[in-house]
Amino acid sequence: MKRILIIHTGGTISMKEDKETGEVNTSSRHPLEEISTVLQGRVEIEDDILFYLPSPHIRPDHMLKLGRYVHEKMAKRNYDGVVITHGTDTLEETAYFLDLFLQTRKPVVVTGAMRSSNEIGADGLYNLLSAIKVASCDEAQDKGVLVVMNDEIHTAKNVTKTSTSNVATFQSPQYGPIGITTKSDVFFHHKMTRHDSYPIQNIGKRVSLIKAYAGMDGDLIDAVRESRVDGLIIEALGQGNLPPETMEALERTIKEGIPVVLVSRCYQGIVQDTYGYPGGGRQLRNMGIIFANGLTGPKARIKLMVALEMTANMTELEHMFS
Ligand code: ASP
């Protein structure tokens, strides 16, 4: 029988709706604690509550604590897989952090819910069962951290929350899911091509994230630089371009040795140094800005926070993002 560790961290999957007011909040008993009864005789379940937090309260230090906890538990007992329940708002950031941090070949699956445990059409228990199915599956090994929701299996690297309320919110734009779950089975149809992990000890660097817009000037970039950040992520326009009025502020930022990482505000595609006009990708690349291929802004931020714990060398940082 497979042995699965479930770690609860909070989120809607751990919450209940007040039938009178409609308010959704944490409840005194974890609504999914009966999962082991449901699975009796099929999977051996051990479940722990590590945090009881809505996911907007989750910080990078919680992510590191969770990653360490997974390592500690796995060192003590031979689990076949781990399932983590998490609020959906920042689930993709925690999943991606774990993907960068964890050193294990075993399946690690993150799941959540869009509806609280006692709402009509509640998806939490179903998603948890699907996640346990994937975590128990030999084929899920060596695939990095996976996100399982709504019958789909996504990679932590590519998945993102796309809808505020739809149960089919988690999508991997451009790439799609790497597998699906059915009532009785798990099917993978794609494989990750590369997987790096970074064994960091701390996560304390300050990295800000700014989104570019038409008519943007350098004020926001200067304000961020003056707030003494360790790094800056910019969600640039299109293929990786910025309004020319931002250039001087960017030059000042780079001159101070603050790494600036560029992603696109488009939800598909990668950033490239195609355009030669002022503010175009060519000028940004020549200035020393790092191009992060294919990551969203929040994930590039997690990666830069992790990378800065390992090095401050610009060439090495660039290499980690290439
Ligand atoms: N706001 C909730 C959270 O992330 C949403 C959810 O869990 O689905 O904690």
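Computed from a prediction, not measured in an experiment: that's the story for all the values here. Remember, it's 1-based here, ligands and their atoms both numbered in the order they're listed. All heavy atoms count here, side chains included; hydrogens, waters and symmetry mates do not.
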With respect to [X], determine whether any N or O atom, backbone or side chain, lies less than 3.5 Å from an N or O atom of ligand 1.
X     : value
Asp89 : yes
Thr90 : no
His86 : no

State the atoms of ligand 1, each with its element, that fall below the 4.0 Å cut-off from a heavy-atom position in [X].
X     : value
Gly11 : 7 (O), 9 (O)
Thr12 : 2 (C), 5 (C), 6 (C), 7 (O), 8 (O)
Pro56 : 3 (C), 4 (O), 9 (O)
Pro54 : 9 (O)

Taking atom types as modelled, is there a side-chain donor on [X] or [Y] under 3.5 Å from an acceptor on the other?
X      : Y      : value
Ser55  : His86  : no
Thr155 : Asn158 : yes
Tyr126 : Asn150 : no
Lys161 : Thr88  : yes

Within the 6.0 Å centroid threshold, strictly below: Phe51 and His8: no
Salt-bridge criterion met for Arg115 and Asp123 (N-O under 4.0 Å): no
Electrostatic pair Glu44-Arg77, nearest N-O below 4.0 angstrom: yes
Test item, Gly112 contacting ligand 1 (heavy atom, 4.0 angstrom): no
Protein contact of atom 8 (O) of ligand 1 - nearest heavy atom, named by residue and atom, plus distance: Thr88 OG1, 2.5 Å
Closest approach of any protein heavy atom to atom 4 (O) of ligand 1, naming residue and atom: Ser55 OG, 2.5 Å
